[in-house]
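Have a look at the structure below before the remarks.
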Amino acid sequence: MNKKAVFRIQPWHALTLLIVLNVLLALLIGNQYGQTWDEPSFYLYGERSYEAFTLGLAGKPLIPERHIFFLDLRYYGPVYVAIGWKIVELLTPVLKGWGNMDVWHLLNFTFFQASLIALYLLAKRFVKPWTAFFITLLFGTQPLIFGHAFINPKDIPFMTLFLASVTTGIAMTDAIKKDNVSAHASSPKSPPSFPLVIAILLGLFAFTYIGKDLIHAVVESAITSMYNAPANSPAGKVFSLLVGNENRLPVENYVHKASAAHLERLVLYFLFFSIMGRELYLNHARPSRLTLPFEPNLRLWGLVLTAGVMLGLATSIRLLAPFAGLLIAGYAIEVKGRDSLPPLIVYASIAGIVSMLTWPFLWDSPSFHFAEALQVMRDFPFNAELRFMGDNIAPSNLPWYFIPFLLSVQLTEPAVLLAWIGLIAVLTTYRNSNLIGNSLLLAWLIVPVGLQILLKSNVYDNFRQFLFVLPPVFVLGGMGLELLITRLSSPAARFLLTGACVAPGLIGIVLLHPVQYIYYNSFVGGVRGAEGDFELDYWLTSYREAASYINENAPLNANILAWGSGFNGAREDLDIYSFGSEDDLRESGLAFEYAVISTRFSSHLGSFKDAPVVYEVRINGALLAVVKKLAK
């Protein structure tokens with residue numbers, strides 16, 4: 001008699017349950033988070049970018065000042081906030097009692113759940129499935145990450161898509177069959193294979209769109225040079241042969257005609273059909289079935305499409321995303337060799353097209369505007385100072401260990417220790433371990449941080465711009481966790497170990513709600529020990545709690561001063577004014593009932609010194625903001 005199958009919970013069951021519980025939790029607490037000082041402008045950028053998409057699809061012209069050149073936000077790709085804006089618009093009437101900012105926070109946290117799936121799939125390549133789940137749980141319960149997941153529409157979506165790009169890129173590499181092209185190219189010196197040639201042509205065809213402005217500049221330079229060349233020179237003779245000597249038009253007319261003709265695409269069409277025709281003829285001559293440009297591997301090409309789209313969308317959030325493509329290209333070439341080249345070329349082409357289509361700033365001039373954005377973002381102008389180790393320091397003067405130090409004190413203690421154990425294990429067993437995969441993880445972590453140290457690129461708001469380097473930290477932590485688990489024979493001991501690893505994060509999430517992103521671990525004495533020495537509420541989200549006091553005490557239609565940033569959660573009749581300097585405040589001529597002031601850089605001590613403090617916003621003992629009653 002066959003025994004009945006007993007249902008056993010699998011890691012992916014636990015992951016699904018975790019995500020469901022997270023979304024339910026977000027529905028309970030998502031409307032308790034304060035807005036960051038730059039969220040309103042970023043979401044407005046999303047609204048205008050959505051307008052740009054609708055106008056572009058309808059073939060209507062954009063208004064540059066409204067849809068493209070909006071503050072400096074054009075240097076960020078808008079795909080997340082553009083699509084998110086429409087979702088928020090649809091959800092806001094449904095979620096009664098939730099403000100527009102609250103719905104955005106719910107959407108941000110819900111989108112973050114995709115990073116848990118991607119991290120689990122990535123971690124499974126290096127550790128056992130249950131270890132992958134527990135390390136994903138540890139990642140998702142980091143107070144720093146948990147808090148950012150609600151209020152950060154820039155770095156969390158970028159981290160999520162960067163992680164998804166790497167995960168799908170590795171899966172794409174796995175799907176490449178060895179010797180896909182080796183039948184055509186048995187050695188490095190042999191001629192390019194048919195699939196490779198076709199892939200190159202497709203890549204060049206994609207470049208005629210991605211690099212259309214660069215091609216136009218080359219065409220313009222060549223035609224202008226021939227146009228202005230002496231009539232008896234070779235260039236002048238060629239130009240006269242093409243257009244004649246009489247009734248010459250202005251040079252702009254010839255440039256426009258040449259660009260509109262898209263001769264480069266005609267050349268590519270000719271080459272494509274010539275090569276296809278040659279292949280058909282050769283197959284007919286030696287009778288055998290036609291060799292297709294690429295092996296009809298639907299799984300491979302589905303993954304190429306998926307990975308390319310992920311990389312393109314990530315690029316349409318931040319310009320660092322192509323680094324994920326470089327990681328995958330290096331990994332694929334190392335693992336699959338020359339067989340990986342056709343898929344990689346198509347992968348890069350898809351990513352380029354997707355990023356261009358989803359970023360209105362690139363529509364008219366993809367290459368030059370991308371280069372402009374890259375130059376600006378490399379040394380993003382940030383003139384304020386940061387609080388680090390008790391000093392106010394300009395970003396350009398930060399010590400080299402700024403990011404490594406913050407990584408060590410803003411993640412929970414178990415996460416830091418497990419990552420170190422995993423790193424040591426990788427470095428001491430590199431010859432017998434997954435060398436290529438481990439190298440990818442180390443490059444993912446070390447290269448961005450190393451470049452920041454070497455180039456002294458501006459960093460501010462702690463290391464939020466580098467949240468995308470956290471996934472490899474946790475995969476290394478998974479290796480460390482697995483190493484410890486294998487030394488424990490008792491299931492109960494293993495359970496206690498994993499529970500002990502997750503517990504500090506859960507406690508931090510509860511104690512610091514709703515400003516979990518200010519988390520510091522016990523290495524610096526927690527947030528109370530970090531107070532005054534390190535950045536805490538640099539985004540001024542604690543003003544949301546101050547709004548509760550003001551709502552109860554402010555008279556009808558009162559003017560409220562929010563020092564440095566506005567805030568959400570205020571009564572509808574109240575007028576909230578944000579000023580960042582006393583000069584602007586004096587010029588306004590306004591009188592205020594209350595002032596909400598952050599403790600960042602001791603602003604609460606220097607502003608309105610004689611006004612009494614009537615309310616304090618404290619989290620776990622740390623003072624984040626005060627409310628002062630102002631004399632009329």
Side-chain angles (χ1 to χ4, degrees), residues 8-15 17-18 115-146 163 166-167 170 404-446 449 467 469-510 519-524 526:
R8 297 183 62 181
I9 187 170
Q10 299 295 324
W12 67 266
H13 295 146
L15 179 64
L17 179 62
L18 172 64
S115 70
L116 303 184
I117 299 173
L119 179 61
Y120 170 73
L121 295 175
L122 177 66
K124 271 207 315 178
R125 303 183 59 84
F126 298 88
V127 295
K128 296 177 181 178
W130 272 114
T131 308
F133 166 73
F134 282 118
I135 210 65
T136 302
L137 177 63
L138 182 63
F139 174 81
T141 54
Q142 293 297 300
L144 173 75
I145 299 173
F146 187 90
L163 174 56
V166 174
T167 302
I170 293 176
F405 180 85
L406 289 179
L407 281 170
S408 300
V409 300
Q410 287 207 279
L411 300 177
T412 60
E413 298 89 343
V416 175
L417 295 175
L418 289 175
W420 273 109
I421 293 172
L423 177 61
I424 293 171
V426 166
L427 295 178
T428 55
T429 61
Y430 72 96
R431 291 183 179 177
N432 300 321
S433 60
N434 179 8
L435 178 60
I436 300 175
N438 291 341
S439 298
L440 182 147
L441 292 178
L442 295 177
W444 182 352
L445 171 62
I446 294 172
V449 177
L467 289 176
V469 305
L470 290 181
V473 172
F474 282 85
V475 175
L476 289 171
M479 298 179 193
L481 178 62
E482 190 154 276
L483 187 64
L484 295 179
I485 286 176
T486 56
R487 298 176 180 271
L488 300 175
S489 57
S490 168
R494 295 178 178 182
F495 180 79
L496 288 175
L497 173 63
T498 54
C501 290
V502 174
L506 292 175
I507 294 171
I509 288 172
V510 173
Y519 176 83
Y520 286 84
N521 62 34
S522 62
F523 296 158
V524 292

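Scope of the values below: all heavy atoms of this structure, side chains included, with no hydrogens, waters or symmetry mates.
- The line from CD1 of Ile446 to CG of Leu442 is 5.0 Å long, rounded to the nearest 0.5 Å.
- Residues satisfying the side-chain hydrogen bond (donor to acceptor under 3.5 Å, both in side chains) criterion with Ser522, sequence neighbours excluded, are Glu413.
- Distance CG/Leu18 to OG1/Thr136: 8.5 Å, rounded to 0.5 Å.
- Not a single ring-ring contact (aromatic ring centres under 6.0 Å, His included) links Tyr120 to another residue, sequence neighbours left out.
- Tyr520 is linked by a side-chain hydrogen bond (donor to acceptor under 3.5 Å, both in side chains) to Asn462, counting only residues two or more places apart in sequence or in another chain.
- Remark: Leu407 pairs with Ile403, Phe463, Leu470 by the side-chain contact (heavy atoms from CB on, under 4.5 Å) rule, at least two apart or across chains.
- Atom CG in Leu418 sits 6.5 Å away from atom CG in Leu138 (nearest 0.5 Å).
- In terms of the side-chain contact (heavy atoms from CB on, under 4.5 Å) criterion, residue partners of Ile509 (sequence neighbours excluded) are, by chain and number, Thr141, Pro143, Phe146, Gln516.
- Remark: Tyr519 pairs with no residue by the ring-ring contact (aromatic ring centres under 6.0 Å, His included) rule, at least two apart or across chains.
- For residues 472-496, there are no salt bridge (Lys or Arg N to Asp or Glu O under 4.0 Å) pairs, not counting sequence neighbours.
- Remark: Phe523 CZ to Leu417 CG distance equals 5.0 Å, nearest 0.5 Å.
- Pairs of residues two or more places apart, or lying in two chains, never qualify as ring pair (Phe, Tyr, Trp, His ring centres under 6.0 Å) while including a residue from residues 477-501.
- Partners of Ala503 by side-chain contact (heavy atoms from CB on, under 4.5 Å), not counting sequence neighbours: none found.
- Annotation: salt bridge (Lys or Arg N to Asp or Glu O under 4.0 Å) contacts involving residues 116-139, sequence neighbours excluded, comprise Arg125-Asp174.
- In this structure, CG on Leu423 lies 10.0 Å from CG on Asn438, to the nearest 0.5 angstrom.
- Scored by the ring-ring contact (aromatic ring centres under 6.0 Å, His included) test, Phe126 finds no partners at all (sequence neighbours excluded).
- Side-chain contact check for Thr498 versus Val502: every heavy-atom pair is 4.5 Å or farther apart.
- Residues meeting the side-chain hydrogen bond (donor to acceptor under 3.5 Å, both in side chains) test with Thr412, sequence neighbours left out: Gln142.
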